[in-house]
There are 2 protein chains.
Amino acid sequence: MAKVLKTKDKILNAAERLFADQGFELTSLRQITGAADVNLASVNYHFGSKKALIQAVMERYHAQFMPELDERLKTLEEEGINSTEEVLSCFVGPLLSLQRINPLGTEIYLSLLGHAYSEIQGHLRRFTMQNFGHVVQRFFHCMQQANPHLSVATLFWRLHFTLGATVFAQVSGQALSEIAQADFGESATAEDIVGKLIPYLAAGIGAAEVSASARL
Amino acid sequence: MAKVLKTKDKILNAAERLFADQGFELTSLRQITGAADVNLASVNYHFGSKKALIQAVMERYHAQFMPELDERLKTLEEEGINSTEEVLSCFVGPLLSLQRINPLGTEIYLSLLGHAYSEIQGHLRRFTMQNFGHVVQRFFHCMQQANPHLSVATLFWRLHFTLGATVFAQVSGQALSEIAQADFGESATAEDIVGKLIPYLAAGIGAAEVSASARL
DNA sequence: GTTTAAATTAAACGCCTGTTTTAATCGGCG
DNA sequence: CGCCGATTAAAACAGGCGTTTAATTTAAAC
């Protein structure tokens, strides 16, 4: 059926791969059209601009991921929340289902997210929050239920530390995976990394609250 | 005394600020020389190339930070290691002493580290490891002593998650601090954030090892 | 004060960027 | 077939990049 891809899809597939590897700004349209084997001008013809292409690439993944995550969080809320791991585990399924878009979809999406945060892509953050801000809020609410012993402020900071660890792990995931491979022969797909990440994050989030005096 | 800065220092000061904010590749020499109010060609005159400038910027911070950290870790090793918090706390002093280079030195250094990892700066990693690899190894060794229940691979990954959370927390620390201030009246200096970070990181690093079966 | 090296400057180099323009080609329909 | 909108193609655009060159200015040594 879908043997011969349309130009638009060839561009999207090449772009997401390169964006994930190198970031948005460091990837040129000539790289993309070269890898996709299409004419340079076709990007502007089909998408209008590079910025619009970036949004189209993200949109395809967000549209798959966010509703699924929201669904799982909602179900969990109704069943009652008992642990942090439970909430974090809601991410696993939706992340893996991204492989329906691309066999490497999980890695690509997380890596794209990382670049979207670390690069100054204001339009992207605005776009994401406008469309999926309610999912972020639901996530925070779930975390509050899982950690009633934490103050809102502490939870706020810890969830941002969590985002940092996750994003960073994926952006530098490939490089780290190569080092790990060389050092002690341990491969690591995105799925592996997520699996390693969850216990770490859950323990960090749920750590006992400490007073300011407990320092060195 | 040091009222009028030499061109070389004006370049370094402007460059570290811009590199920390935007990353290395996305910062142009014209941005740097414009902010430093020096001639474009002076970068290549004083440093030779952009790559050499990047290394010079990192070198100034590494040279201040690494020996201090090494010293503290060494002392701790001799006294005996009992907890992960202990090891992490060795970073606090050296990080804060970076403010002697620049009032925002702590944030800048951690941000530079983040970009050095996420961008493909092979020459930087090589350079760092050649000069300060022994500090990294000492740190890893201390962590192994503090967490004898963890495998080498698990510890490797968790320490990188830790770096990610730390870097991200500092990079977006100011913006987050403003949000936190608005939401629940909580101020946060770089030192405060490090204080909030350590219990989180220590709990994450020390979390019980889990088998691959424990998934959703 | 003259000499000499170091430092600064302006200008240009070749290459790459995103975008636009203009022309050629394709595919379905009457 | 001939048409005609949709798509592809090649070329050029203006502007930014790191780097280099050559001329000028600065500043210290004699």
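Just so it is clear: chains get the letters A, B, ... in the order the sequence lines come, proteins before strands, and each one is counted from 1.
Of the side-chain N and O atoms in B:His46, one or more sit less than 4.0 angstrom from OP1 or OP2 of C:dT8.
Annotation: side-chain contact (heavy atoms from CB on, under 4.5 Å) contacts of B:Ala63 (sequence neighbours excluded): B:Glu59. Every side-chain contact (heavy atoms from CB on, under 4.5 Å) that A:Leu69 has, sequence neighbours left out, goes to A:Phe65, A:Leu73, A:Cys90, A:Phe91, A:Pro94, A:Val135. Residues meeting the side chain to side chain donor-acceptor pair (under 3.5 Å) test with B:Gln55, sequence neighbours left out: B:His123. With sequence neighbours left out, the side-chain contact (heavy atoms from CB on, under 4.5 Å) criterion links B:His160 to A:Leu176, B:Tyr117, B:Phe156. Under the side-chain contact (heavy atoms from CB on, under 4.5 Å) criterion, A:Val136 pairs with A:Met129, not counting sequence neighbours.
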Side-chain donor/acceptor pairs under 3.5 Å, residues 37-49 of chain B, sequence neighbours excluded:
residue	atom	partner	partner atom	Å
B:Asn39	OD1	B:Ala41	N	2.9
B:Ser42	OG	B:Asn39	O	2.4
B:Ser49	OG	B:Ala52	N	3.2

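A salt bridge between B:Arg17 and B:Asp21 is present, with a side-chain N of the basic residue lying under 4.0 Å from a carboxylate O of the acidic one.
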Practice prompt. List the protein contact pattern of nucleotides 9-22 of chain D with one symbol per nucleotide (5' to 3'): B for base contact, S for sugar-phosphate-only contact, - for none; contact means a heavy-atom distance under 4.0 Å.
Written response: BB-B----BBBB--
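Scanning residues 7-16 of chain B for heavy-atom distances under 4.0 Å to DNA chain C yields B:Thr7.
Legend: salt bridge (charged side-chain N to carboxylate O under 4.0 Å, His left out) pairs involving residues 87-100 of chain A, not counting sequence neighbours, sorted by first then second residue: A:Glu68-A:Arg100.
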